[in-house]
Colleague: 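Quick one: this structure, given as structure tokens, is what I'll be asking you about.
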Amino acid sequence: MKTTTTWETIVDTLIQELEHDGYKKGEKMPSESKIAARFDTTRTEVRKAYLHLEEKGYIHSLQGYGSFFSGKKEKIRLLLNDSQSFLEKMDSIGIHYRTENVGFELIKDNLIVSEMFQLSEKEMDFHDIYKLTLLRFVDDEPVAIRVSYLPDYAFPDLAQRGLSITSLRDYMHECGYNDFTDENYEFSVSALDKKERALFDIKGFASCLVMSSKCVDQSTGRILEIARTIYRSDKFVFTL
């Protein structure tokens, strides 16, 4: 049975061509029928691909005239696993940003998270762990999601203040932590899940870089945070 080329494959191929000077800014894109013939697929798949490219800002359409290349998208160069916070990095290169608190909840019966904080069964009965989700915007476009797991033993007023936190580093300083570092970095490439696509306002397939780490208070050795940051791969160039 013949397999039809999917719109995801078309998107991946066209993005490579758009990013590597395959088209000039303002140049008209091939018609749906031409792309369908090129990839030996259906116009329905091509239409999905073009809609996805439009969502991501690579092309724009004019009613009755077709689709046009919007120009190469400049990506933000982001240095990973250093001492600067995301906001400090954006400030240093003069990029406008903002952060929204899009979720704060108590984690119930999550043994894996508790083990990550090295809590004994007795300690687990007396301490709670909360999940904080921050959505980061650059030029009013969502580009990164920071999911933080935070223990109430380190932040006694967390239950009351969690919904108002937009800068975790500022909150840590307010709680008296002035000497903390991120450790145990792990990186992986993944596809966005349904919830992540919704936060990024992306309807189709999209890849991302996931960075996991933990934040440790240097004076006490306490684990203050277990974090997972999801970066849109179409918005950043990553360096170590």
Side-chain angles (χ1 to χ4, degrees), residues 78 80-90 97-137 142-201 208-232 236 238:
L78 188 68
L80 299 174
N81 72 326
D82 69 345
S83 59
Q84 283 188 316
S85 69
F86 178 83
L87 304 185
E88 289 170 336
K89 292 169 185 174
M90 295 301 100
Y97 63 86
R98 63 184 173 88
T99 301
E100 288 186 7
N101 184 324
V102 295
F104 180 72
E105 61 182 304
L106 174 66
I107 299 297
K108 297 180 179 179
D109 301 324
N110 194 321
L111 181 60
I112 295 177
V113 174
S114 298
E115 288 177 348
M116 292 170 70
F117 281 98
Q118 301 172 7
L119 299 178
S120 66
E121 288 188 18
K122 185 176 181 180
E123 289 173 319
M124 287 167 57
D125 292 335
F126 291 96
H127 294 294
D128 291 323
I129 295 172
Y130 292 85
K131 177 182 177 182
L132 172 68
T133 304
L134 301 178
L135 183 60
R136 289 164 172 169
F137 294 79
V143 297
I145 303 167
R146 174 87 170 195
V147 179
S148 299
Y149 295 94
L150 306 165
D152 68 348
Y153 67 71
F155 308 104
D157 65 348
L158 184 59
Q160 292 74 41
R161 296 191 55 190
L163 285 171
S164 65
I165 296 172
T166 56
S167 171
L168 191 53
R169 290 211 172 198
D170 287 348
Y171 176 62
M172 288 181 177
H173 286 307
E174 291 172 14
C175 292
Y177 298 106
N178 296 304
D179 184 19
F180 50 83
T181 58
D182 290 329
E183 302 176 354
N184 291 41
Y185 287 96
E186 293 184 0
F187 301 93
S188 62
V189 176
S190 180
L192 296 172
D193 63 24
K194 184 178 180 180
K195 183 177 181 179
E196 292 161 355
R197 290 199 305 272
L199 287 173
F200 283 138
D201 194 23
C208 62
L209 178 74
V210 180
M211 181 178 75
S212 301
S213 62
K214 68 178 180 180
C215 181
V216 178
D217 177 45
Q218 294 302 294
S219 60
T220 63
R222 271 181 167 182
I223 300 175
L224 303 180
E225 174 199 21
I226 302 293
R228 181 174 181 266
T229 306
I230 303 104
Y231 295 101
R232 283 179 56 169
F236 297 98
F238 305 101

Colleague: Is the count of non-hydrogen atoms from other residues, nucleotides or ligands lying under 6.0 Å from D201 atom CG greater than 12?
Modeller: no
Colleague: For C208 and A191, which heavy atoms make the closest approach, and how far apart are they?
Modeller: SG-C, 4.3 Å
Colleague: Return the set of residues passing side-chain hydrogen bond (donor to acceptor under 3.5 Å, both in side chains) with Y231 (not counting sequence neighbours), or none when no residue passes.
Modeller: none
Colleague: Tell me, with the steps shown, if I165 and L158 meet side-chain contact (heavy atoms from CB on, under 4.5 Å).
Modeller: CA-CA 9 Å; I165 296 172; L158 184 59; 4.0 Å; yes
Colleague: Could you tell me which non-hydrogen atom of P142 sits nearest to which non-hydrogen atom of R232, and how far apart they are?
Modeller: O-NH1, 3.1 Å
Colleague: State, to 0.1 Å, how close F117 and I129 come at their nearest heavy-atom pair, and which atoms those are.
Modeller: CD1-CD1, 3.6 Å
Colleague: Could you grab the distance from atom CG of D182 to atom CG of L224, nearest 0.5 Å is fine?
Modeller: 9.5 Å
Colleague: For the CD1 atom of I145 and the CG atom of L199, what is their distance to the nearest 0.5 Å?
Modeller: 4.5 Å
Colleague: Who are the side-chain hydrogen bond (donor to acceptor under 3.5 Å, both in side chains) partners of S219, not counting sequence neighbours?
Modeller: D217
Colleague: For the atom pair CZ (R136) and OG1 (T166), what is the distance rounded to the nearest 0.5 Å?
Modeller: 10.5 Å
Colleague: Rounded to the nearest 0.5 Å, how far does CD of Q218 lie from CD of E183?
Modeller: 5.5 Å
Colleague: Applying side-chain contact (heavy atoms from CB on, under 4.5 Å), run through L150 and L168 and close with a yes or a no.
Modeller: CA-CA 10 Å; L150 306 165; L168 191 53; 3.9 Å; yes
Colleague: N101: which residues meet the side-chain hydrogen bond (donor to acceptor under 3.5 Å, both in side chains) condition with it, sequence neighbours left out?
Modeller: none
Colleague: Run the side-chain contact (heavy atoms from CB on, under 4.5 Å) check on S213 and N184 step by step: do they pass?
Modeller: CA-CA 5 Å; S213 62; N184 291 41; over 6 Å; no
Colleague: Run the side-chain hydrogen bond (donor to acceptor under 3.5 Å, both in side chains) test against R146 and tell me which residues pass, sequence neighbours left out.
Modeller: E225, T229
Colleague: Do V189 and L209 pass the side-chain contact (heavy atoms from CB on, under 4.5 Å) test, and can you show the C-alpha distance, the side-chain angles, and the key distance before you say yes or no?
Modeller: CA-CA 5 Å; V189 176; L209 178 74; 4.3 Å; yes
Colleague: Who are the ring pair (Phe, Tyr, Trp, His ring centres under 6.0 Å) partners of F155, not counting sequence neighbours?
Modeller: Y171, Y177
Colleague: Could you pull out all residues at least two apart from L163 that satisfy side chain to side chain contact (heavy atoms under 4.5 Å, CB included)?
Modeller: F104
Colleague: Looking at E186, I want to see if its CD is surrounded by more than 12 non-hydrogen atoms of other residues, nucleotides or ligands under 6.0 Å.
Modeller: no
Colleague: Supply the atom-to-atom distance D157 CG to C175 SG, rounded to the nearest 0.5 angstrom.
Modeller: 5.0 Å
Colleague: Identify, with sequence neighbours excluded, every residue that meets ring pair (Phe, Tyr, Trp, His ring centres under 6.0 Å) alongside F180.
Modeller: H173
Colleague: Please identify each residue that fulfils salt bridge (Lys or Arg N to Asp or Glu O under 4.0 Å) with E100, with sequence neighbours left out.
Modeller: R98
Colleague: Could you work out, with salt bridge (Lys or Arg N to Asp or Glu O under 4.0 Å) as the rule, every residue matching E174, not counting sequence neighbours?
Modeller: R161
Colleague: Can you give me the closest heavy-atom contact between A154 and R222, atom names plus distance?
Modeller: CA-NH1, 3.8 Å
Colleague: Over all heavy atoms of both residues, which pair between L192 and R197 is shortest? Give the atoms and the distance, please.
Modeller: O-NH1, 3.1 Å
Colleague: Could you tell me which residues satisfy ring pair (Phe, Tyr, Trp, His ring centres under 6.0 Å) with F200, sequence neighbours excluded, listed by chain and number?
Modeller: none
Colleague: To the nearest 0.5 angstrom, please state how far the CG atom of D152 sits from the CG atom of L106.
Modeller: 8.5 Å
